S.K.: 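Quick one: the structure is below, and I'll ask about it shortly.
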Amino acid sequence: MIALLKYEWRKTRTAKLMLLVLAALEELGFLWGILRLEPGGRPDGLIGTSLFLLFLMAFGGILLIGLQSVLVLQRDLNTKQGYMLFMTPRNSYQILGAKLLENGLSLAVAGGFFFLLGLLDASLLMGRLGLDQFWNMAKGALTALDEALRFSWDSMLCHVAYILASWLATVSIAYLAVIVSASLLNGKRFNVFASFVFFIFLTVLMGRLMRLCAVGVAEIDAVLLVRSAIALGYAVAVYAAAAWLMERHLSV
Amino acid sequence: MLKSEKVTRRFDFKVAVDAMDLEIQAGHVYAMLGPNGSGKTTWMKMAAGLVKPSSGKVLFEGRPVGRESRKKVAYMPTEPYFYLWMSVRDLGRYYRDFFADFSMDRYRGLLGQMELEEGLKAKTLSSGMAAKLKIALTMARDAKVYLLDEPFNGIDLLARDEIRACILREASPEKALVLSSHLVEEMEAVADRAVFIKQGKLVEERDLEEMRTAEGVSMADRYRAIFGHAKEDRA
């Protein structure tokens, strides 16, 4: 399993390192803005732009990590390079499990990294602006995003967990759709369209399940945690179905 | 050792392999012969567990091929299959990480014989170099069965000699080698058994020495007789 994880990481390493470099550049811009900021003064455009880019990069990065993982699976199933993977003495449960696990770990590390980076930036900004000015600015920014958002670290963590879990489940649904396309629908007309419809159907079903299971839960953080648990359970169920399909019907 | 029982593989309306019964035994080098599209590659992929049969089964040591058989059956595809971001060295490490029977020392030795440098990137290799690299990776394993799909394709005469020598070195009473090709003359010097396949069906499996002494027929003659090119070749 370790070897599979290692090479799954290697396949996507370049894009992840590029993301890291971009985050470092953004952080340098932010630090430069902080250094220029007078204590108690007004943040300039550089700080605002850097924070906006950090926010964008966190979401974009998480999106990219998931999408790239699906593309790698698609390549492994549909090109001759897939022999490298499927000729190894590993079964489909291990192969797909390594892909999902590597993706889950990458998402968690990226999510944690951007969360901590945000925390660091917020702390630096708080130090420069003072508590009251920072608090007002943070509340204003969050309300502009979503009125239901409250500014507390617990709440932020619940949101991050929910985003990561539901995205991981979406990636696992995409895995299943790609595998259905390469096995059961291989060579059939409207193959791509049918597997896309299948992907949409399973994604909508997951959304319904998450809403249904959180009915009666009043606290927004608790709702997010219930939905995160449903998403993770859904990801495991979809993974099991996808690996079974690979083991029984996939030819590369 | 490796046995296919009534194995069939259909691709939509085309039958690539049709109810093929074949048993590969240790101590032999098999030449799997047939024109393009006769089903050699599909049979090998099924034996390697990469392609699922539509019906029938392929067994290795009595069990269906899959994860366990891949530990002891070394398969070399005919197409280039390397991850392009890997170097020749990385590829060796990849095999070492996945196959317990892979020897890095042996791999380096084969690379030296084939004049391949470890620092070369897979994406920069010529087709001849890639063909030699495939052989080095596969033959650096101490497998029980080697399935080599078109090992002589796309390489020059000297490299062919190296590959032939490498294959002969590996032949032993405990191992079986199956080589597919349509280069019949190349195979004659290596194999001791021939498997003729036509339109997905096994035509016959013959002991070459017996065929030569009893019937005075070479593998190439038999190939011409079965696949019907004798008249064209003479003309």
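Given the structure is predicted, the values throughout are model-derived calculations rather than measurements.
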S.K.: Under a 4.5 Å heavy-atom cut-off, does chain B meet the side chain of A:Lys11, its backbone, both or neither?
M.R.: both
S.K.: Do the ring centers of A:Tyr7 and B:Tyr94 come within less than 6.0 Å of each other?
M.R.: yes
S.K.: Please report the shortest heavy-atom distance between B:Lys71 and B:Asp101, naming the atom on each side.
M.R.: O-OD2, 3.3 Å
S.K.: Using atom types as modelled and distance alone, determine if a side-chain donor or acceptor of B:Asp149 lies under 3.5 Å from a backbone N or O of B:Met76.
M.R.: no
S.K.: Counting heavy-atom pairs under 4.5 Å with chain A, which one of B:Arg67, B:Glu68, B:Glu79, B:Arg9 comes out on top?
M.R.: B:Arg67
S.K.: Of the listed residues (A:Met84, A:Lys80, A:Arg10, A:Gln94), which shares the most heavy-atom pairs with chain B below a 4.5 Å separation?
M.R.: A:Met84
S.K.: So what's closer than 4.5 Å to chain B heavy atoms on A:Arg75: side chain, backbone, both or neither?
M.R.: neither
S.K.: Side-chain contact test, heavy atoms from C-beta onward, threshold under 4.5 Å: evaluate it for B:Tyr81 versus B:Lys134 and give yes or no.
M.R.: yes
S.K.: Chain A heavy atoms under 4.5 Å from B:Met46: which part of the residue, side chain, backbone, both or neither?
M.R.: neither
S.K.: Top residue by heavy-atom pair count (under 4.5 Å) with chain A, among B:Tyr95, B:Phe99, B:Tyr75, B:Phe11?
M.R.: B:Phe99
S.K.: Which atoms of A:Ile2 are under 4.5 Å from chain B, going by heavy atoms: the side chain, the backbone, both sets, or neither?
M.R.: neither
S.K.: Please check if any side-chain donor atom of A:Glu8 sits under 3.5 Å from a side-chain acceptor atom of A:Thr12, or the reverse.
M.R.: no
S.K.: Chain A: which of B:Asp12, B:Asp90, B:Leu84 shares the most heavy-atom pairs with it under 4.5 Å?
M.R.: B:Leu84
S.K.: Which atom pair, heavy atoms only, marks the closest approach of B:Leu111 to B:Ala136?
M.R.: CD2-CB, 4.2 Å
S.K.: Describe, in one word, how the ring planes of B:Tyr107 and B:Phe102 are oriented to each other, choosing from parallel (under 30°), tilted (30 to 60°) and perpendicular (over 60°).
M.R.: tilted
S.K.: With a 4.5 angstrom heavy-atom cut-off, which part of B:Leu91 approaches chain A: side chain, backbone, both or neither?
M.R.: side chain
S.K.: Who wins among A:Thr79, A:Thr14, A:Leu85, A:Asn186 for the most heavy-atom pairs under 4.5 Å with chain B?
M.R.: A:Leu85
S.K.: Tell me, for B:Lys45 versus chain A, whether the close heavy atoms (under 4.5 Å) come from the side chain, the backbone, both or neither.
M.R.: side chain
S.K.: Drop me the distance from A:Lys6's NZ to B:Arg93's CZ, to the nearest 0.5 angstrom.
M.R.: 8.0 Å
S.K.: What part of A:Glu247 gets within 4.5 angstrom of chain B, counting heavy atoms only: side chain, backbone, both, or neither?
M.R.: backbone
